[in-house]
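Positions are given from 1, in the same order as the sequence printed here. Keep in mind that the numbers below use all heavy atoms, side chains included, and drop hydrogens, waters and symmetry copies. Bear in mind that the values here come from a model prediction, so they are computed numbers and not experimental data.
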Amino acid sequence: FFLMSKIIVIWDSMIDQYIYGNTDRKNPESPMPLLNVEKEEIKLWGASNVAHNIASLSGDVDLITMIGDDWNGKDFSKLCENAQINLIALFSDSPTITKKRFLDSQYKQQLLRVDYEKKSPISLENIQKIWKILSTKKASYILISDYNKWLVQPELIDTIKQISQKQWSKILVDAKPYNISLFEWVYLIKPNFKEFSEMIGQQWLENTDENIEKFGKIFTSKYKTNLVVTRWEKWASLISLNGSVEHIPPKQMHKVFDVTGAWDTFIATVVYALDNGFSLLEAIKLANKASWIVVWKVGASNITKEELWI
């Protein structure tokens with residue numbers, strides 16, 4: 001299999017916790033279900049799930065992310081260590097972001113989600129730390145996984161762009177609509193269809209190839225970037241900065257079981273493929289295959305090189 005050069009993933013990381021059980025007993029205190037816990041799982045999510053996917057594909061990956069000085073932060077660090085991710089943790093006064101999901105094992109249904117998070121700005125001290133880290137790492141690719149959990153400072157994005165230009169590294173962004181104006185002139189932006197519709201001010205846009213082509217070309221011209229839109233059952237469309245458009249269907253149609261983290265796998269596989277000499281179009285096709293594999297898994301899951309190259 002391929003060898004990879006340095007890749008840095010940066011931004012919003014979370015813990016994804018799953019608590020499974022049965023609801024056979026009635027709740028004597030409330031009309032809500034009573035979950036009798038049978039097992040628990042804890043996984044990486046967000047930017048850390050992207051990094052985990054890259055590491056699973058034999059990648060050398062650094063993860064720069066914010067965590068809290070708390071028990072969840074300790075769990076997060078251990079998960080990264082187990083996944084062979086080089087964690088560069090920046091600490092804040094906010095808690096480590098954690099998503100706790102309660103699921104009925106028999107009916108495969110989510111009963112409740114509990115979030116631990118507090119949005120707060122990145123401190124000047126941490127911005128300076130990121131500058132120093134990126135200046136010495138000399139990454140081939142910088143992947144920004146934006147879940148809009150931390151307040152984005154334009155100064156930080158400008159810093160990342162300046163360093164990437166000096167080092168000839170490429171920036172790929174899984175961006176949220178709120179921050180899209182900060183990411184002009186990056187190599188690739190990857191929203192899902194809903195996010196793309198919001199980015200172009202067309203919240204009720206129909207998910208057709210014609211609309212993707214029309215508004216995708218406007219988008220790439222405005223932001224001076226390549227664009228890939230993930231489109232659920234229609235999977236993905238690539239609009240290149242040169243104006244070419246490619247619609248990439250899924251490997252085969254099937255009933256999607258769980259899309260949690262599938263697009264993290266998608267963007268991670270794009271970076272993996274690009275770093276190994278694939279064209280952008282071929283990288284998108286390989287990412288399609290990887291995402292198709294992980295939607296069969298429950299929760300935020302990673303792809304392995306054995307699964308990818310079957």
Side-chain angles (χ1 to χ4, degrees), residues 1-2 4 7 9 11-14 16 18 43-59 61 83 85 99 101 108 141 143-147 172-176 187-197 207 209 212 216 226-240 245-276 278-310:
F1 293 97
F2 302 116
M4 299 183 70
I7 294 172
V9 179
W11 225 256
D12 297 320
S13 291
M14 292 154 263
D16 210 10
Y18 296 86
K43 299 181 180 182
L44 297 169
W45 197 33
S48 54
N49 187 40
V50 176
H52 192 187
N53 276 274
I54 294 171
S56 295
L57 293 168
S58 301
V61 60
I85 297 167
K99 310 291 183 182
R101 295 172 172 86
K108 310 297 183 184
Y141 294 90
L143 201 162
I144 301 175
S145 183
D146 176 19
Y147 274 74
L172 293 84
V173 185
D174 196 343
K176 295 299 181 189
Y187 178 68
L188 179 71
I189 294 176
K190 188 219 75 65
N192 62 36
F193 181 77
K194 180 178 181 295
E195 293 165 342
F196 172 68
S197 299
N207 190 358
D209 291 352
I212 289 289
N226 299 297
L227 168 72
V228 60
V229 182
T230 50
R231 302 172 60 192
W232 298 296
E233 74 278 359
K234 296 187 178 181
W235 228 245
S237 293
L238 172 65
I239 301 91
S240 300
V245 179
E246 296 283 349
H247 302 293
I248 302 103
K251 181 182 176 185
Q252 67 184 68
M253 296 301 295
H254 68 82
K255 182 180 179 181
V256 173
F257 181 66
D258 191 342
V259 298
T260 305
W263 306 131
D264 292 338
T265 299
F266 185 96
I267 194 68
T269 307
V270 170
V271 176
Y272 163 77
L274 289 173
D275 195 50
N276 285 286
F278 285 60
S279 68
L280 181 55
L281 176 58
E282 292 304 317
I284 299 300
K285 289 179 178 179
L286 190 64
N288 246 14
K289 177 183 178 182
S291 301
W292 180 88
I293 292 169
V294 299
V295 294
W296 289 96
K297 304 177 182 182
V298 177
S301 301
N302 61 291
I303 186 78
T304 67
K305 56 183 179 291
E306 289 80 12
E307 291 171 320
L308 188 60
W309 294 112
I310 289 175

When the ring planes of F266 and W263 are compared, do they come out parallel, tilted or perpendicular, using 30° and 60° as the limits? perpendicular
May I ask you to test the [X]-[Y] pair for a side-chain heavy-atom distance under 4.5 Å?
X	Y	value
I144	D174	no
Y272	F278	no
N192	F196	no
M14	S48	no
S240	L238	yes
N226	I239	no
L274	Y187	yes
I212	V229	yes

All salt bridge (Lys or Arg N to Asp or Glu O under 4.0 Å) counterparts of E282, not counting sequence neighbours: K285
Audit row: L172, V271, side-chain contact (heavy atoms from CB on, under 4.5 Å) steps and yes/no: CA-CA 8 Å; L172 293 84; V271 176; 4.0 Å; yes
Checking side-chain contact (heavy atoms from CB on, under 4.5 Å) against H52, which of L57, I303, L44 comes through? L44
With sequence neighbours excluded, what pairs up with [X] under the side chain to side chain donor-acceptor pair (under 3.5 Å) test?
X	result
K99	D115, E117
S197	none
S56	N302

Measuring from [X]:[atom1] to [Y]:[atom2], what's the distance to the nearest 0.5 Å?
X	Y	atom1	atom2	answer
T304	I293	OG1	CD1	7.5 Å
I54	L143	CD1	CG	5.5 Å
K234	D209	NZ	CG	6.0 Å
S237	I248	OG	CD1	6.5 Å

Hey, is NZ on K176 packed in by over 12 heavy atoms from elsewhere, all under 6.0 Å? yes
Could you pull out the closest heavy-atom pair between [X] and [Y], with the gap in Å?
X	Y	answer
K43	Y18	CD-CE1, 4.3 Å
P249	N288	O-ND2, 3.0 Å
G216	L227	CA-CD2, 3.9 Å
V9	A47	CG1-O, 3.5 Å

So, T265 versus N53: side-chain donor-acceptor pair below 3.5 Å or not? yes
Evaluate the side-chain contact (heavy atoms from CB on, under 4.5 Å) criterion for residues W235 and S291: first the C-alpha distance (whole Å), next the side-chain angles of each, then the deciding distance (0.1 Å), finally the verdict. CA-CA 9 Å; W235 228 245; S291 301; 4.1 Å; yes
Test of understanding: with side-chain contact (heavy atoms from CB on, under 4.5 Å), list the residues that count as partners of A55, not counting sequence neighbours. V61, I85
N-O pairing of D146 and K190 below 4.0 Å: no
